[in-house]
There are 2 protein chains.
Amino acid sequence: MNQVKEFHTLQEKVTDMIRESIFTQVYKPGERLIQDELAARFGVSRMPVREALRCLEREGLVAFLPHKGAQVIGFRREDIEELYYLRALLEGITVQKSMNFLTKKDRTELNTLVEKMDQDIDNNDMDSFITHNHQFHMLLQKGCNWKKIKLLTKEFIEGYPAHVPSLIPKTMFVSNEEHKQMLRALELKDPIMLRQLVENHIMRAGNALTQVIE
Amino acid sequence: MNQVKEFHTLQEKVTDMIRESIFTQVYKPGERLIQDELAARFGVSRMPVREALRCLEREGLVAFLPHKGAQVIGFRREDIEELYYLRALLEGITVQKSMNFLTKKDRTELNTLVEKMDQDIDNNDMDSFITHNHQFHMLLQKGCNWKKIKLLTKEFIEGYPAHVPSLIPKTMFVSNEEHKQMLRALELKDPIMLRQLVENHIMRAGNALTQVIE
DNA sequence: CAAGCACGGATTGGATACAATCCAAAAAAA
DNA sequence: TTTTTTTGGATTGTATCCAATCCGTGCTTG
């Protein structure tokens with residue numbers, strides 16, 4: 001079931017590839033991203049590259065200087081802390097507001113996702129785990145009718161280094177146990193508890209990441 | 001001293017103009033933004049329009065559907081509430097973290113800005129007030145070394161309807177009195193108090209806005 | 001008569017071409 | 001030698017052109 005990602009436009013594809021390159025340090029913080037270079041590298045024209053860079057600017061991965069182009073934003077330890085603090089805060093609020101609007105179908109779906117992640121752990125299939133983890137977090141906040149905050153957390157969830165490879169293996173298990181606790185909070189219909197769990201979940205992940213980076 | 005805004009690129013100019021058109025309801029929520037039309041309207045080619053739309057997407061004013069273009073995002077009452085709640089939360093955190101890193105020069109600058117706003121009130125110069133208000137809020141969070149959150153609050157401050165014209169006259173005075181309280185918190189070196197003031201300041205503005213909209 | 005299919009206009013997505021801007025190094029002046 | 005000017009290459013910003021996609025309308029066919 002090797003799901004191949006489908007892209008509607010070239011631009012989305014390019015966005016993903018550049019982001020990947022930034023995470024994998026092909027382009028290092030502070031480095032200038034020359035549009036021609038990227039275009040040649042990916043075999044496209046400069047136009048989708050430009051739009052991709054705009055998207056990455058929105059995600060906070062690059063910065064635009066007029067007539068000077070895009071620069072990779074640096075990742076200091078503090079940046080990671082900030083990121084996870086923010087994500088914890090926002091995602092906490094989102095799930096709290098979301099909970100009571102989740103349908104029975106959503107809840108069973110969440111259960112199966114947790115089961116799938118258990119399997120992923122057994123198979124040591126990181127990519128699949130990451131995908132299911134994304135789906136879990138996205139579904140958990142589906143019920144929230146606040147659009148902007150959902151957009152933001154979506155960016156955090158998709159855009160940021162869940163990929164950091166050295167991190168994942170150690171924490172997959174702990175992570176999923178925490179997911180199970182969330183399911184419990186869901187059964188108890190306790191939004192505050194759920195929010196707390198989500199906040200802690202993300203902060204823990206953040207702390208783990210900063211420690212690995214040291 | 002009628003400060004004329006300087007644009008580095010056409011794209012920035014177009015972005016501003018489209019945003020203005022959205023705020024002034026030239027383009028209404030849900031309406032599709034046809035690139036050719038915008039390009040003709042502003043006398044430029046479609047290219048800067050496209051990039052402008054991307055920027056506005058980032059600001060949350062429009063949404064992109066692949067191969068269907070951009071749509072103006074709707075503003076329901078609830079959206080406003082969300083927006084101001086978020087902005088209050090984020091800007092509160094930002095100024096709390098910023099305060100202790102503001103220089104003496106920054107503080108005097110903040111004072112003069114408040115004085116200028118008092119003058120603007122006397123002259124009933126809304127545009128100038130809005131500008132100074134922006135500058136005040138931006139400067140107040142200058143000391144914060146968290147980049148992402150600053151980017152977000154910047155978007156909120158610049159991107160959202162401080163412009164709503166019917167609102168401003170009534171609240172300019174109250175608003176600036178609250179600014180003065182913030183300056184006091186600054187003198188007392190009390191970041192928690194400052195944060196509280198900022199949160200209330202923004203929530204009050206939000207509530208005023210929702211009431212006007214009804 | 002209804003359902004599906006094909007065609008065409010409208011609109012977006014992408015490529016290529018050209019103009020404006022920046023930056024650094026070399027040349028000229030003090 | 002130091003400062004200013006200029007000049008050219010590199011890179012971004014904008015325009016124009018072409019291709020891919022979508023969507024509605026009208027025709028075909030069962």
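Quick note on labels: first sequence line is chain A, next is B, and so on, each numbered from 1.
- Between the side chains of Gln11(A) and Thr15(A), at least one donor-acceptor pair of N or O atoms lies under 3.5 Å.
- Between Glu82(B) and Lys147(A), none of the side-chain N atoms (NZ, or NE/NH1/NH2) sits under 4.0 Å from a carboxylate O, so this pair counts as no salt bridge.
- Both Ala70(B) and His67(A) sit near DNA chain C, but only Ala70(B) has its closest nucleotide nearer the 5' end.
- Tyr27(B) pairs by the ring pair (Phe, Tyr, Trp, His ring centres under 6.0 Å) definition with nothing, not counting sequence neighbours.
- Side-chain N/O atoms of Thr103(B) and Asp106(B) include a donor and acceptor closer than 3.5 Å.
- Side chains of Gln35(B) and Arg46(B): a donor-acceptor N/O pair is present below 3.5 angstrom, by distance only.
- Checked for salt-bridge contact, Glu51(A) and Arg54(A) miss the test: no charged N lies under 4.0 Å from a carboxylate O.
- Under the salt bridge (Lys or Arg N to Asp or Glu O under 4.0 Å) criterion, Lys150(A) pairs with no residue, sequence neighbours left out.
- Protein chain B contacts DNA chain C from dT11(C) to dA15(C), reading 5' to 3' and using non-hydrogen atoms of the protein with a distance under 4.0 Å.
- We find that Lys13(A) and Asp16(A) are not joined by a salt bridge, their nearest charged nitrogen and carboxylate oxygen being 4.0 Å or further apart.
- Of the residues in residues 39-58 of chain A, those placing a heavy atom less than 4.0 Å from an atom of DNA chain D are Arg46(A), Met47(A), Arg50(A), in numerical order.
- The stretch residues 27-35 of chain B touches DNA chain C through Arg32(B), Leu33(B), Ile34(B), Gln35(B), each having a heavy atom under 4.0 angstrom from the strand.
- Classified by interplanar angle (parallel below 30°, tilted 30° to 60°, perpendicular above 60°), the ring pair His179(B)/His137(B) is perpendicular.
- Checked by atom type, the side-chain pair Thr24(B)/Glu20(B) shows no donor-acceptor distance below 3.5 Å.
- Classification of Glu91(B) and Arg195(B) as a salt-bridged pair fails, no side-chain N sitting under 4.0 Å from a carboxylate O.
- Cation-pi geometry between Lys148(A) and Tyr85(B) is not met at under 6.0 angstrom from the ring centre and within 45 degrees of the axis.
- A nucleotide of DNA chain D counts as in contact with chain A when one of its atoms lies under 4.0 Å from a heavy atom; the first and last such, 5' to 3', are dT11(D) to dA15(D).
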